[in-house]
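Worksheet for the structure shown next.
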Amino acid sequence: METEAPELLERKVQTRREGLPELPNLDGRKPVLRFAPNPNGPLSFGHSRGLVINGQYAKDLDGELILRFDDTDTTVKPPMLEAYESIPEQQEWLCGFSAHRIVIASERMEHYHDHARMMLERGFGYVCTCSGEEFKAFRVSMTECPCRNNEDSNNLQLWEKMNDPDGFQPGDAVLRVKTDMTLKNPALRDWPAARIQTNSHPRVGNKWRVWPLLDFQSAVEDHLQEVTHIIRGKDLMDSTRKQTLLYEHFGWKYPETIYWGRVKVHEFGSFSTSQMKRDIAEGKFSGWDDARLPTLSALSRRGIRPDSLRSFWIELGLTQKDIAVPLSTLYSHNTKIIDPDAPRLAFVRNAFPIVLNGEYPKSGKIQSHSDTEMPPRNYSIEEGVWIEQEDSGKSIRLKDLCDIDVDGNVESIDRSDKRPVVHWVAGGKPSTLTIADGQDLKIVEGILEDHSYPVGTIVQLERIGYAIIENDGLLMTHD
RNA sequence: GCUCGUAUAGUGUAGUGGCCCAUCAUGAAGCCCUCUCGAGGCUUCGACCCGGGUUCAAAUCCCGGUACGAGCACCA
């Protein structure tokens with residue numbers, strides 16, 4: 001066999017798919033994708049998945065990314081005006097390009113109202129005046145609510161009454177999509193499409209009274225924008241089903257839909273935008289970029305690079321599995337990106353002075369990075385150096401300088417044995433290293449080597465980890 | 001309760017009937033390099049949820065079980 005058919009004995013090389021899976025049913029089209037956050041706050045780590053995946057497909061396949069503000073709730077999740085500015089900036093920071101289109105739902109209300117009327121005229125929608133409790137009973141018992149049989153003309157009158165400030169009040173009536181009350185999935189039975197809200201909207205004020213709900217607004221807008229692929233969390237699976245029923249009524253074709261599962265990052269615990277907003281207002285956090293928060297502004301401030309987030313999410317892929325990932329996975333992506341450009345610097349925590357006795361080079365140059373060419377750093381010693389308290393009281397090797405004994409007597413210039421190598425600072429300036437540790441912010445005092453790197457430079461503190469230089473000290477990036 | 005979904009090493013992930021005694025990354029352990037507890041290089045460890053079935057052949061298809069998650073809002 002070896003001579004007759006050697007190829008049968010060879011182990012074939014396994015091929016591994018790289019990057020994102022192919023987009024299904026593209027049919028030669030350029031994909032149109034969208035990412036639709038609620039502008040009730042700035043973007044968080046969780047949002048970055050949607051942005052990265054949708055953005056990456058748009059970029060790779062020469063398609064388009066729509067950034068859509070789903071700001072139709074003025075009551076539970078009131079929009080925050082600053083977010084209309086910060087979200088596009090963060091989107092560009094993360095994706096590396098700006099979205100091809102920006103759509104703001106609150107400015108497209110005419111379209112939603114037009115389609116709502118169309119629904120009533122064509123008889124696949126109705127105005128329901130049952131209370132939430134009453135309708136729930138109908139849904140559970142699979143029976144039709146009396147409002148379902150309204151005449152189309154009557155529905156249009158009721159619709160006008162919903163829009164009339166002197167007519168229905170919030171809670172009195174909703175617009176429903178006629179599906180089928182005997183559908184197996186209770187979530188799909190005559191689902192609500194719009195309701196009355198009288199709170200003022202920060203962008204359009206009181207111009208509108210009847211506001212669409214997500215499933216209706218999103219469905220109509222996806223059609224109007226000719227979205228080809230929707231990629232979103234699997235918690236929205238029933239949304240797809242609800243919206244597909246609406247599309248059937250309108251005679252439209254629903255976009256291709258792909259889902260991902262839930263991601264839990266243990267270190268971040270459970271933060272919600274509204275909870276963060278409250279905590280910031282109460283002074284529990286310094287702002288949206290407080291290093292302890294999982295916001296993109298906080299991650300960016302700490303020195304997490306957008307390309308790290310991109311490779312992180314792309315590596316996780318598009319499985320529907322619910323997963324728990326440690327932050328160290330993101331950090332390992334980030335290390336690969338920042339390490340080549342991170343100059344080495346010494347920061348001595350709990351500084352302990354030690355006087356050097358003997359002959360040694362009192363000034364000189366030390367490499368800033370062992371693997372890349374960077375201008376070296378200079379040192380100049382008067383009589384002694386700072387070392388960390390923890391390193392005192394034993395024979396040590398001062399990195400790139402000399403071996404010393406417990407009392408600071410120089411024993412050798414060259415490395416003479418396996419004693420621990422320790423970092424040190426000659427001169428330097430007092431500084432602080434701020435470390436975000438869960439809900440706590442640890443501030444470590446120390447002496448930082450003199451340097452001339454500008455604010456925003458990511459450095460590697462020898463034997464400690466990566467940190468970013470801020471105006472008033474150092475902020476820990478990660479180990 | 002009803003409905004829907006997922007299940008590959010510690011953590012993620014590749015894999016759609018024979019290239020699989022299962023990929024890659026991360027993690028852990030060890031070695032090399034390096035005057036950092038960093039980076040880089042090498043080696044090792046480690047997995048197809050369970051039970052049936054279909055088939056010459058199953059991680060892959062079917063059925064049942066179990067576990068976990070999500071939806072059933074006048075939130076997104």
Side-chain angles (χ1 to χ4, degrees), chain A residues 7-8 10-18 21 36-40 69-73 75-77 105 128 130-132 135-136 139-140 142 162 170-176 183-189 191-197 210-211 213-215 217-218 232-242 259 261-264 266 273-274 311-312 314-326 328-333 335-336 338-340 342 344 346 366-367 369-372 397-403 414-415 419-423 460-466 479:
Chain A
E7 71 278 6
L8 293 179
E10 268 175 45
R11 177 152 293 172
K12 290 184 183 165
V13 183
Q14 184 160 10
T15 52
R16 182 182 163 82
R17 203 204 71 231
E18 298 269 340
N38 183 323
N40 65 334
F69 293 94
D70 279 353
D71 58 345
T72 56
D73 181 354
T75 313
V76 184
K77 294 178 178 172
C128 175
C130 299
S131 70
F135 194 84
K136 188 176 180 181
R139 181 170 52 233
V140 170
M142 296 165 96
M162 282 179 78
D172 288 352
V174 295
L175 173 69
R176 288 189 184 281
L183 250 21
K184 274 171 67 182
N185 187 342
L188 314 184
R189 297 169 195 160
W191 53 270
R195 81 313 206 177
I196 303 166
Q197 285 187 130
V210 178
W211 289 83
L213 287 152
L214 168 87
D215 286 310
Q217 178 269 127
S218 178
R232 59 184 172 196
K234 69 173 183 182
D235 51 312
L236 264 12
M237 273 183 169
D238 282 346
S239 266
T240 299
R241 299 183 183 105
K242 286 190 221 176
Y259 307 97
R262 211 178 68 154
V263 174
K264 205 154 68 183
H266 185 256
T273 303
S274 37
S311 52
F312 172 81
I314 288 169
E315 186 178 64
L316 291 197
L318 281 174
T319 62
Q320 290 187 26
K321 222 161 110 180
D322 298 317
I323 54 178
V325 219
S328 58
T329 304
L330 173 63
Y331 294 161
S332 106
H333 283 282
T335 297
K336 288 193 178 69
I338 62 177
D339 184 74
R344 273 49 175 167
I366 299 177
Q367 276 190 311
H369 196 301
S370 57
D371 313 325
T372 65
R397 164 95 191 153
L398 297 177
K399 187 173 184 291
D400 298 309
L401 187 64
C402 60
D403 288 357
D414 291 323
R415 193 171 183 187
R419 68 183 76 189
V421 177
V422 157
H423 67 294
Q460 191 206 61
L461 302 177
E462 288 182 338
R463 295 174 69 219
I464 300 174
Y466 302 92
D479 294 340

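By convention in this document, chain letters (A, B, ...) are assigned in the order of the sequence lines, proteins followed by strands, and residues within each chain are numbered from 1. Any value given below was found using the heavy atoms of this structure, including those in side chains, with hydrogens, waters and symmetry copies removed.
Taking atom C1' in both B:rU13 and B:rU26, the straight-line distance is 10 Å, to the nearest Å. Straight-line distance between the P atoms of B:rU6 and B:rG64: roughly 15 Å, to the nearest whole Å. The same atom, C1', is picked in B:rA7 and in B:rA47; the two are 12 Å apart, to the nearest Å. Here the separation of B:rU16 from B:rC48, taken at their C1' atoms, is 14 Å to the nearest Å. Spacing of P atoms, B:rU44 relative to B:rG51, comes out at 31 Å, to the nearest Å. Spacing of P atoms, B:rU60 relative to B:rA25, comes out at 26 Å, to the nearest Å. Comparing the C1' positions of B:rA70 and B:rC50 gives an interatomic distance of 24 Å, to the nearest angstrom. Taking the P atoms as reference points, B:rA14 lies 15 Å from B:rC49, given to the whole Å.
No salt bridge links A:D71 with A:K77; every basic N to acidic carboxylate O contact stays at or beyond 4.0 Å. Using a 4.0 Å cut-off between charged nitrogen and carboxylate oxygen, A:D172 and A:R195 do not count as a salt-bridge pair. Of the charged side-chain nitrogens involved, none lies within less than 4.0 Å of a carboxylate oxygen, so that A:R415 and A:D403 do not count as a salt-bridged pair.
When each of A:L188, A:L214, A:L236 is checked for a side-chain contact (heavy atoms from CB on, under 4.5 Å) with A:K242, only A:L188 meets the rule.
Taking NE2 from A:H423 and CZ from A:R344, the interatomic distance works out to 13.5 Å, rounded to the nearest 0.5 Å. Rounded to the nearest 0.5 angstrom, A:D238 CG and A:D215 CG are separated by 9.0 Å. Taken to the nearest 0.5 Å, the OG atom of A:S239 stands 15.0 Å off from the NZ atom of A:K234.
B:rU44: Watson-Crick or G-U partner is B:rA28, with both key distances under 3.5 Å. The partner of B:rC37 is absent, by the rule that a Watson-Crick or G-U pair needs both atom distances under 3.5 Å. Taking a pair to require two hydrogen-bonding distances under 3.5 Å in either a Watson-Crick or a G-U wobble arrangement, B:rA22 remains unpaired. Across the strands present, B:rA59 finds no partner; the criterion is a Watson-Crick or G-U wobble pair with both atom distances under 3.5 angstrom. With a cut-off of 3.5 Å on both Watson-Crick or G-U wobble distances, the partner of B:rC68 is given as B:rG5. In this structure, B:rU13 forms no base pair with any nucleotide, since neither Watson-Crick nor G-U wobble geometry is met with both distances under 3.5 Å. Pair assignment for B:rU54 gives none, since no Watson-Crick or G-U wobble pairing has each distance under 3.5 Å.
Between the side chain of A:R189 and the main chain of A:M142, no donor-acceptor pair closer than 3.5 Å is present. Put simply, the side chain of A:T329 never gets that close to the backbone of A:V325: no donor and acceptor are under 3.5 Å apart.
Rounded to a whole Å, the CG atom of A:N185 is 12 Å from the P atom of B:rG71. If you take NZ of A:K184 and C1' of B:rG1, they are 15 Å apart, rounded to a whole angstrom. Rounded to a whole Å, the CD atom of A:Q197 is 9 Å from the C1' atom of B:rC74. Computed from coordinates, the A:M237 CE to B:rC4 P distance equals 11 Å when rounded to whole Å. Rounded to an integer number of Å, the gap from CZ of A:R232 to C1' of B:rG71 is 13 Å. To the nearest angstrom, P of B:rC2 lies 15 Å from NZ of A:K136.
Side-chain contact, A:D339 with A:Y466: a donor N or O sits under 3.5 Å from an acceptor N or O.
Between A:R195 and the phosphate of B:rC75, there is a side-chain N or O to OP1/OP2 separation shorter than 4.0 Å. Residue A:R262 places no side-chain N or O under 4.0 Å from the OP1 or OP2 atom of B:rG69. The shortest distance between the side-chain N/O atoms of A:T72 and the OP1/OP2 oxygens of B:rA76 is below 4.0 Å.
The residue A:K77 sits close to a base: some heavy atom pair falls under 4.0 Å. Within the nucleic acid shown, A:G132 comes within 4.0 Å of at least one base atom, counting heavy atoms only.
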Which atoms of nucleotides 6-13 of chain B (N or O only) lie under 3.5 Å from a protein N or O atom, and what are those distances?
| residue | atom | partner | partner atom | Å |
| --- | --- | --- | --- | --- |
| B:rU8 | OP2 | A:K321 | NZ | 2.4 |
| B:rU11 | O3' | A:A324 | O | 2.9 |
| B:rU11 | O2' | A:A324 | O | 3.4 |
| B:rG12 | OP1 | A:A324 | N | 2.7 |
| B:rG12 | OP1 | A:A324 | O | 2.9 |
| B:rG12 | O5' | A:A324 | O | 3.4 |
| B:rU13 | OP1 | A:T319 | OG1 | 2.6 |
| B:rU13 | OP2 | A:K321 | NZ | 2.9 |
| B:rU13 | O2' | A:R16 | NH2 | 3.0 |

Under 4.0 Å protein heavy-atom contact, by nucleotide of nucleotides 31-40 of chain B - B base, S sugar-phosphate only: ----BBBBB-
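If you find the closest nucleotide of RNA chain B to A:R189 and to A:D235, the one lying nearer the 5' end belongs to A:R189.
In this view, A:E462 and A:R377, A:K399 satisfy the salt bridge (Lys or Arg N to Asp or Glu O under 4.0 Å) rule, not counting sequence neighbours.
Candidate nucleotides B:rG71, B:rC4, B:rC75 were compared by shortest atom distance to the side chain of A:P186, and B:rG71 ranks first.
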